[in-house]
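A short worksheet on the structure shown next.
Numbered from 1 within each chain, the chains take letters A, B, ... in sequence-line order. All values derive from a computational prediction rather than experimental measurement.
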There are 2 protein chains.
Amino acid sequence: EPTLHDLSEPLVDHAEGQLFLNEAFKIIVEDVLCKGTDVKQKVCEWKDPDELALLLDLQLRDSGEPQGRLLQRVRDVAKYSVKTTHPHFFNQQYGGVDYHSLAGRFLSEALNTNLFTYEVAPVFVLIETEVLKALRLLVGWTEGDGLFCPGGSSSNMYAMNLARYSFFPQVKRQGLCGLPQLTVFTSKESHYSVQKGAAFLGLGLDNVIVVEVDDGGRMIPEDLEEKIKLSKSQGAVPFLVSCTAGTTVQGAFDPLDSIADVCEKHKLWMHIDAAWGGSVLFSKQHKHLMKGAERANSVSWNPHKMLVAGLQCSVLLLKDTTNLLKQCHGANASYLFQQDKFYDVNLDIGDKSVQCSRKVDCVKFWLMWKAIGSSGLEERVDKAFLHVRYLVAQMKKRDGFLLLREPQFVNVCFWFIPPSLRGKEGSADYEKRLAKVAPIIKERMMKQGTMMVGYQPLGNKVNFFRMTAFSPLISNKDMDFFLNEIERLGKDL
Amino acid sequence: EPTLHDLSEPLVDHAEGQLFLNEAFKIIVEDVLCKGTDVKQKVCEWKDPDELALLLDLQLRDSGEPQGRLLQRVRDVAKYSVKTTHPHFFNQQYGGVDYHSLAGRFLSEALNTNLFTYEVAPVFVLIETEVLKALRLLVGWTEGDGLFCPGGSSSNMYAMNLARYSFFPQVKRQGLCGLPQLTVFTSKESHYSVQKGAAFLGLGLDNVIVVEVDDGGRMIPEDLEEKIKLSKSQGAVPFLVSCTAGTTVQGAFDPLDSIADVCEKHKLWMHIDAAWGGSVLFSKQHKHLMKGAERANSVSWNPHKMLVAGLQCSVLLLKDTTNLLKQCHGANASYLFQQDKFYDVNLDIGDKSVQCSRKVDCVKFWLMWKAIGSSGLEERVDKAFLHVRYLVAQMKKRDGFLLLREPQFVNVCFWFIPPSLRGKEGSADYEKRLAKVAPIIKERMMKQGTMMVGYQPLGNKVNFFRMTAFSPLISNKDMDFFLNEIERLGKDL
Ligand SMILES: Cc1ncc(COP(=O)(O)O)c(C=O)c1O
Ligand SMILES: Cc1ncc(COP(=O)(O)O)c(C=O)c1O
């Protein structure tokens with residue numbers, strides 16, 4: 001027996017719904033934004049997965065719940081979630097919060113539309129176009145194309161597909177079957193999305209040729225050229241160099257100008273993964289790190305990282321002016337991209353994407369940019385470098401902090417040598433014992449909820465901390481706290 | 001000369017920021033949610049692109065702007081954006097709003113984290129896992145795997161990559177070069193993301209073999225089998241059938257059981273693109289449309305469509321219990337997925353994805369489901385079917401409405417025959433004239449802002465309207481309005 005429905009009324013009660021939204025908003029402001037940015041509060045409230053699952057009462061049931069209980073759920077989600085907004089969240093490249101961006105995010109969530117046609121997203125099509133243009137100008141391009149993608153990994157994959165298509169347009173129809181073996185070049189310390197992209201696009205991991213880096217983690221152009229020649233001599237067809245501007249761990253910037261020379265000589269597509277480091281382009285003082293960027297064919301850049309635009313916010317920028325994006329990805333779906341519309345259908349930008357629904361990721365960034373201007377974004381970038389400089393100076397004054405090397409960017413990679421290991425550098429199990437230090441300190445900080453910072457091994461270097469300092473919420477006090485806290489947590493090790 | 005920065009203070013003023021957020025929230029509630037759901041208000045405020053660009057003052061400048069002007073920008077973005085929440089937005093498959101889901105969206109935006117590790121997303125890892133489990137149960141699977149992806153197109157692409165990997169695991173390392181020609185089968189009326197996916201993954205559009213449909217738009221299993229045999233006889237290797245449950249235009253459900261027989265016989269991966277139609281699984285009355293779904297290997301399903309969970313919200317569900325997702329996509333990045341963590345690293349689900357940053361799309365859906373329960377979701381689905389039934393009955397009572405065929409789902413495809421064309425069905429330019437009707441009516445409704453509904457041609461059928469009725473905000477009054485409005489806008493044609 002189907003329920004009897006009253007078809008003369010909608011199912012949603014707006015007054016009740018808006019009341020709930022209002023109450024939830026208050027909790028978000030109080031529990032996430034106020035508490036979550038307060039240094040006296042915890043960064044995380046660690047629970048074992050089993051215990052947390054019970055606390056959250058996850059199960060989805062047949063009947064609904066009263067509003068009060070639902071509000072308690074909002075509180076619980078807030079309570080047990082990590083406060084990435086917190087000034088002591090140094091764990092990844094997306095700490096902090098920008099209130100204008102957050103307002104833009106709420107706005108685009110409420111407006112809930114798709115960035116595929118001007119018809120349904122007139123404002124957002126124009127804003128996306130403007131933001132892409134402004135970012136391209138920072139790269140040094142007065143013309144070009146681009147797209148917001150759901151993350152830097154996607155942006156890098158897009159670049160790979162465009163590069164392939166630009167050399168072998170038949171790949172779109174015929175696929176790779178029958179084409180020669182195609183090879184991609186990227187540095188040993190590039191982001192793993194280059195590998196994932198090559199596998200996904202059917203190129204294969206073995207065809208990603210890893211180029212050596214110098215001791216700072218920067219691609220060595222001479223090794224690049226040698227490996228290109230070797231690959232050719234083995235019958236493969238090199239087509240793409242994916243360089244990195246700001247590597248994930250060390251924050252290294254590949255030497256773009258020298259790589260561009262190699263790409264020009266061998267006629268390869270030059271892509272720059274500037275997901276992390278692209279934001280230096282806002283800074284007159286630091287943009288030299290990306291010198292030569294304008295010679296690339298494409299650039300990925302994640303404003304959701306250093307610029308705190310909020311996840312997800314990533315762009316692919318292109319120098320191309322031949323509509324390559326649309327030629328490569330377009331499917332001309334007649335139900336969506338009708339050609340007999342009453343406005344200029346070039347504004348229906350969705351067919352440039354391999355997505356159909358595409359979230360609006362531009363308006364938050366635009367609003368934040370409007371709010372503080374390019375000069376405000378520059379100030380954030382410059383200040384981050386200064387915090388890092390201060391942190392490094394303080395480290396050198398203390399015992400037990402050993403840098404991998406001088407930071408090139410806002411990543412600070414270092415070992416904490418606990419008291420019991422100091423002066424034991426030569427001993428047999430030194431490396432083995434040192435490798436265990438970071439995981440223990442990490443466990444302690446999370447269980448106490450005082451701070452979060454990442455660690456990892458790299459090549460033959462055992463576990464070290466990588467902290468990133470760039471949030472607009474930090475000050476030098478937080479740098480001092482960071483060092484004190486590492487010392488406190490590791491003093492008995 | 002670098003600016004002098006005060007390094008002892010953060011750059012963000014929380015009081016000012018939170019005040020802005022509060023004011024912006026009020027505008028969102030008033031201008032988007034109240035006005036945007038009020039039938040007496042406009043669905044859209046049409047402006048030509050040039051005029052709109054001027055009104056919005058898009059340009060990004062060096063200096064920031066005062067709060068008052070920024071709030072006006074929030075108002076402008078709201079004003080000139082399409083109100084997809086409006087009960088008279090019938091344009092696409094994402095109209096309406098759910099307040100609990102929206103609260104969940106604000107919450108996850110504020111908590112701004114990444115769904116890659118339990119470390120940074122403890123609550124969300126558990127919620128994602130629970131939601132996927134609950135959805136799999138509706139498909140009929142007590143075990144399995146899955147992932148939230150940035151849209152149905154991505155989910156479909158994932159399925160394609162998994163299918164390929166399951167038959168040819170060497171593709172991950174070696175790529176497609178050297179493999180036989182692989183072929184994919186999908187119906188003529190399937191979504192274009194199957195094509196885009198095949199191009200992106202290096203399979204090629206020519207290797208997507210289009211299967212004929214019956215007059216309702218459903219794949220014909222006999223034609224599928226014939227085409228599989230033909231493809232084999234031509235030396236290709238069929239590996240995937242991508243069926244559709246709820247096609248984009250006609251809302252057709254492919255006959256899953258018969259297709260499963262063919263897939264079993266030929267040992268092919270069976271994927272169901274249920275991005276649009278999957279939600280019938282909540283309804284005891286209508287889930288028969290997906291009979292046989294449990295025999296598939298994978299299912300895509302977009303709660304951001306019929307269930308109004310908000311963009312983006314799409315899942316890929318898998319029957320697989322062998323960790324195929326991680327094997328196929330994993331890169332084991334040591335900086336993120338360290339194996340020496342102090343908790344069970346199987347909770348670090350990010351390596352199942354080809355993304356690195358992955359937005360939290362689950363909590364909004366979970367909160368909405370908690371709020372109204374499975375029975376509430378069922379009621380929404382059932383009620384949508386009843387509104388469609390009512391609409392169709394009313395159409396039949398009026399002159400000038402001609403259905404393509406009886407709706408199978410909540411898509412209603414029809415021509416409006418304007419007075420001047422009635423009874424002229426035999427005349428020479430009838431089709432040509434009829435093709436122009438929908439674009440003109442569409443232009444008029446948008447310029448007046450009264451309503452939005454899509455149109456498109458299909459095969460040899462000229463432009464017809466496709467309206468979708470499923471928003472929890474609609475009632476039969478809106479169905480009457482819809483018909484009256486089409487008549488009003490087209491009465492002089
Ligand atoms: C250098 C670099 N490239 C690409 C990415 C991937 O970006 P996303 O996480 O948005 O996919 C990252 C993420 O950390 C990165 O550091
Ligand atoms: C049947 C079908 N599959 C897939 C998609 C693509 O989903 P998304 O827009 O989330 O990429 C759509 C979108 O309209 C669809 O109707």
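Note on ring orientation: taking the six-membered ring where Trp is involved, the planes of A:Y99 and B:H14 are perpendicular (angle over 60°, cut-offs 30° and 60°). Taking the six-membered ring where tryptophan is involved, the planes of B:F20 and A:H100 are tilted, since the angle between them lies from 30° to 60°.
Just one residue in the list A:R466, A:H191, A:Q456 forms a side-chain hydrogen bond (donor to acceptor under 3.5 Å, both in side chains) with B:Y335, and that residue is A:H191.
Only the side chain of B:N463 has a heavy atom closer than 4.5 Å to any heavy atom of chain A. Heavy-atom distances place both the backbone and the side chain of B:A371 under 4.5 Å from chain A. In this structure, the portion of B:I372 lying under 4.5 Å from any heavy atom of chain A is its backbone and not its side chain. Of the atoms belonging to B:E119, heavy atoms from both backbone and side chain fall under 4.5 Å from chain A. Neither the backbone nor the side chain of B:V360 comes within less than 4.5 Å of any heavy atom of chain A. Interface remark: B:Y118 contributes side-chain atoms only to the contact with chain A (heavy atom separation under 4.5 Å). With a threshold of 4.5 angstrom between heavy atoms, B:A103 approaches chain A through its backbone and through its side chain. Heavy-atom distances place the side chain of B:V249, and not its backbone, under 4.5 Å from chain A. Proximity to chain A (any heavy atom under 4.5 Å) is shown, for B:N332, by neither the backbone nor the side chain. Proximity to chain B (any heavy atom under 4.5 Å) is restricted, for A:I474, to the backbone atoms N, CA, C and O. For B:R61, the parts sitting under 4.5 Å from any heavy atom of chain A are the backbone and the side chain alike. A:D62 touches chain B through backbone and side chain together, each having a heavy atom under 4.5 Å away.
For A:E130 against B:L58, the heavy-atom pair with the smallest separation is CG-O, 3.5 Å. For the residue pair B:C34 and A:Q18, the shortest heavy atom distance occurs at SG-OE1, 3.3 Å.
Taking chain B as the reference chain and counting heavy-atom pairs below 4.5 Å, the highest number among A:N114, A:T85, A:L102 is found for A:N114. Chain A forms more heavy-atom pairs under 4.5 Å with one residue of B:S8, B:A199, B:A53, B:G204 than with any other, namely B:G204. When each of B:S375, B:S471, B:P439, B:C177 is checked for heavy-atom pairs under 4.5 Å with chain A, B:S375 comes out on top. Contacts with chain A were tallied for B:V123, B:N112, B:N476; B:N112 has the most, counting heavy-atom pairs under 4.5 Å. When the candidates B:N302, B:L311, B:L56, B:V82 are compared by the number of heavy-atom contacts under 4.5 Å with chain A, B:L311 comes out ahead.
For the pair B:K359 and A:H304, the minimum side-chain heavy-atom distance is 4.5 Å or more. A:K341 is not listed as a side-chain neighbour of B:E443, based on a closest heavy-atom distance of 4.5 Å or more. No side-chain heavy atom of B:E109 sits under 4.5 Å from any side-chain heavy atom of A:I28. Proximity of B:L60 to A:W366: side-chain heavy atoms (C-beta onward) are separated by under 4.5 Å at one or more points. A 4.5 Å side-chain heavy-atom check between A:T113 and B:Y94 finds at least one atom pair inside the cut-off. In this structure, the side chains of A:K477 and B:E9 come closer than 4.5 Å at one or more pairs of heavy atoms. Counting heavy atoms from C-beta outward, B:M452 and A:V120 have side chains that approach closer than 4.5 Å. Under the 4.5 Å side-chain criterion, counting only non-hydrogen atoms from C-beta, B:V12 is not in contact with A:T37.
Remark: aromatic rings of B:F25 and A:F25 are close, center separation under 6.0 Å.
Here the side chain of A:K370 pairs a donor or acceptor atom with the backbone of B:Q59 at under 3.5 angstrom.
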(message) Before you tell me yes or no, could you show the steps for A:F106 and B:V32 under side chain to side chain contact (heavy atoms under 4.5 Å, CB included), namely the whole-Å CA-CA distance, both residues' side-chain angles and the distance that decides it to 0.1 Å?
(response) CA-CA 11 Å; A:F106 287 5; B:V32 182; over 6 Å; no
